[in-house]
Engineer: 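Below is one structure. I have some questions about it.
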Protein chains: 2
Amino acid sequence: METSERLIESARELLWERGYVGTSPKAIQERAGAGQGSMYHHFRGKPDLAVAAMRRSAEQLRAQAEAQLAGGRTAQEKAAAYLLRERDALRGCRVGRMAMDPDVIASEQLREPVQETFDWLTGRLAGIVADGVASGELRPGLDPDDTAAAIVAVVQGGYVLARAAGSQEPFDRAVRGAVALLAAQAAPDA
Amino acid sequence: METSERLIESARELLWERGYVGTSPKAIQERAGAGQGSMYHHFRGKPDLAVAAMRRSAEQLRAQAEAQLAGGRTAQEKAAAYLLRERDALRGCRVGRMAMDPDVIASEQLREPVQETFDWLTGRLAGIVADGVASGELRPGLDPDDTAAAIVAVVQGGYVLARAAGSQEPFDRAVRGAVALLAAQAAPDA
DNA sequence: GTCTATATCGAGATAGAC
DNA sequence: GTCTATCTCGATATAGAC
C-alpha cells in the first residue's frame, strides 16, 4: 500500500477511536509508519487529511446502509434490516462520532461529509417509509420524514447508551424497541 | 461565588462545548478567573475536577427529566413530555456527550456518572412503560426495557443529527417521530 | 517523495514563595 | 488559598537536505 493510502487508513482508525480533537498528526504518522515530511507532502495538514479520511468513511457507511435498505421487500423489512444490522456498539459510528467534535462542527470543510451522509440516509429512509404508506403497508397518518429521523436517531443514540453502559446491550435493546414500534404502524386491514 | 465553585461551573461549560479531551486545565482556569495553583489546591488535577463537574451535570439532568416524567398522567403523556421538552439540540447533551470521549470511557471514575445517569433514566422510563402496559393503556406485547432504550436513544441520536446538519430541525423531527410511533402503541379497545 | 532539524505553543503538572 | 516559576512533553507545523 502506498504511503498516502496508509495515512488515510490510519487517520480513519484514529478518528474513529479518538475523534478529531483527540487525534494528533504524530499519532497518525506513527500508525502509518510514515515520517513527518511524508505526511505534509501528501496533505496540507491535519484538516486536509481528516477530510480525506472522513469522505472515505462516509462512502463506506453509505454503501453498507444501501445494502441493507435495498435488501428487504417491504418498508418494514428494509427499516428492520437497517436497524438490526450487526454493529459493534462500543466502537460507535465512524461518521456520527464526528458530529460531537467541536472542531468538526466549527469547520465547513470538516462538517460537510458528515452532513451529507445523514442527509442522504434520512432522505433514503423517508422515501422508503413514504412508499410503504403509499402502498398501503403502513398506516396513512405516518409522517415519512419524522419517522426516518427517529430511525436514524435510534441507531446513533444507541451508540451513546452502549458506551455509557460499557456494554452492547442497551444498543440492542434500543434497535429492537424501534423495530417493535415500527411493526405496530402497519395499516389496519382494509 | 467561591473559587472552587467557579472552577466547577467553568469545567461544566467547557466539557459541554469541547468534551473532555478538548478541554484544558488552562482554559478552565481562565474562564473561572483562577490561577494555576488555585485549581491544583482545590482539585487533584483535571480528572478530579471533571468528575465533580460531571456529577453536577448528571444531577441536573436527572432533576429535569424527573420533572417531565412526573408531570403527565398517562405513560404516553409522560414519555411525550420527556421527548418534547425544549432543548437546544445544537449544543448537545451535557451528559451524553461525554460517552463519545475516549478518555472518559477508558476511566472507571469518569464514566461512572454517565453510566449512572442513563441507567437511571432508562430504568425510570421502563417503569413508566410497564405501568402503562399493566393499566391497559398500552398494548400487552410492548417490551418496557426495549421501548425505554429506544426513547432515550432517539433523544441522544437527535443531537447527533442536529449537529451534523447544523440545524435544530432533525432533532425536532426525530422526537416528533418517536411520539407518533408511541401513540400507535395504545391498546386496542377492549 | 521522504528524512531530519528546528520552532512555537499549549497541556498538564509540581515547587515553593507569599 | 492563591500566586509565579519551572518542568516535561506533545501538537502542529515549516525548512531544507537527500
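By convention in this document, chain letters (A, B, ...) are assigned in the order of the sequence lines, proteins followed by strands, and residues within each chain are numbered from 1.
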Engineer: For the pair A:Arg163 (side chain) and B:Ala99 (backbone), establish whether a donor and an acceptor sit closer than 3.5 Å, ignoring hydrogens and angles.
Structural biologist: yes

Engineer: Count the heavy atoms belonging to other residues, nucleotides or ligands that lie under 6.0 Å from CD of B:Gln109, then report whether that count exceeds 12.
Structural biologist: no

Engineer: Can we say B:Glu9 and B:Arg56 salt-bridge, meaning some charged N sits less than 4.0 Å from an Asp/Glu carboxylate O?
Structural biologist: yes

Engineer: I need the residues from residues 16-28 of chain A with at least one non-hydrogen atom less than 4.0 Å from DNA chain D; give them sorted by number, or say none.
Structural biologist: A:Thr23, A:Ser24, A:Pro25, A:Lys26

Engineer: Starting from the first five and the last five pairs of the helix from C:dG1-D:dC18 to C:dC18-D:dG1, work out the angle between the resulting helix axes, to 10 degrees.
Structural biologist: 0°

Engineer: Residues two or more places apart in sequence or in another chain: which of them pass ring pair (Phe, Tyr, Trp, His ring centres under 6.0 Å) with A:Tyr82?
Structural biologist: none

Engineer: Taking only residues two or more places apart in sequence or in another chain, which ones pass salt bridge (Lys or Arg N to Asp or Glu O under 4.0 Å) with A:Arg87?
Structural biologist: none

Engineer: Tell me, which pairs form a salt bridge (Lys or Arg N to Asp or Glu O under 4.0 Å) where one or both residues lie in residues 105-133 of chain B, sequence neighbours left out?
Structural biologist: B:Arg55-B:Glu112, B:Glu66-B:Arg124, B:Glu108-B:Arg111

Engineer: Considering only heavy atoms of chain B and a distance under 4.0 Å, specify the first and last nucleotide of DNA chain C in 5' to 3' order that meet this criterion.
Structural biologist: C:dA11 to C:dT14

Engineer: Using a 4.5 Å cut-off on heavy atoms from C-beta on, say whether the side chain of B:Leu83 contacts that of B:Leu182.
Structural biologist: yes

Engineer: Could you state the atom-to-atom distance from CD of B:Gln29 to C1' of D:dA5 in whole Å?
Structural biologist: 14 Å

Engineer: Just to verify, what does B:Arg173 make a salt bridge (Lys or Arg N to Asp or Glu O under 4.0 Å) with, not counting sequence neighbours?
Structural biologist: A:Asp146, B:Glu169

Engineer: Is the NZ or CZ atom of A:Lys46 both under 6.0 Å from the centre of the six-membered ring of A:Tyr20 and within 45° of that ring's axis?
Structural biologist: yes

Engineer: Looking at A:Cys93 and A:Trp16, what are the two nearest heavy atoms and their distance?
Structural biologist: C-NE1, 4.0 Å

Engineer: Quick one: side chain to side chain donor-acceptor pair (under 3.5 Å) pairs with a partner in residues 91-106 of chain B, sequence neighbours left out?
Structural biologist: A:Arg18-B:Asp103, B:Glu13-B:Arg94

Engineer: Any residue in residues 99-113 of chain A with a heavy atom nearer than 4.0 angstrom to DNA chain C? Just list them by number, or reply none.
Structural biologist: none

Engineer: Sequence neighbours left out, what passes ring pair (Phe, Tyr, Trp, His ring centres under 6.0 Å) with A:Phe118? Give chain and number order.
Structural biologist: none

Engineer: Please list, in numerical order, the residues of residues 30-40 of chain B that have a heavy atom closer than 4.0 Å to any atom of DNA chain C.
Structural biologist: B:Gln36, B:Tyr40

Engineer: I'd like to check the side chain to side chain contact (heavy atoms under 4.5 Å, CB included) partners of A:Ser135; sequence neighbours left out, ordered by chain and number.
Structural biologist: A:Glu137

Engineer: For B:Thr117 and B:Ala58, which heavy atoms make the closest approach, and how far apart are they?
Structural biologist: OG1-CB, 3.2 Å

Engineer: Under a 3.5 Å cutoff, is there a donor and acceptor pairing between the side chains of B:Gln29 and B:Gln36?
Structural biologist: yes

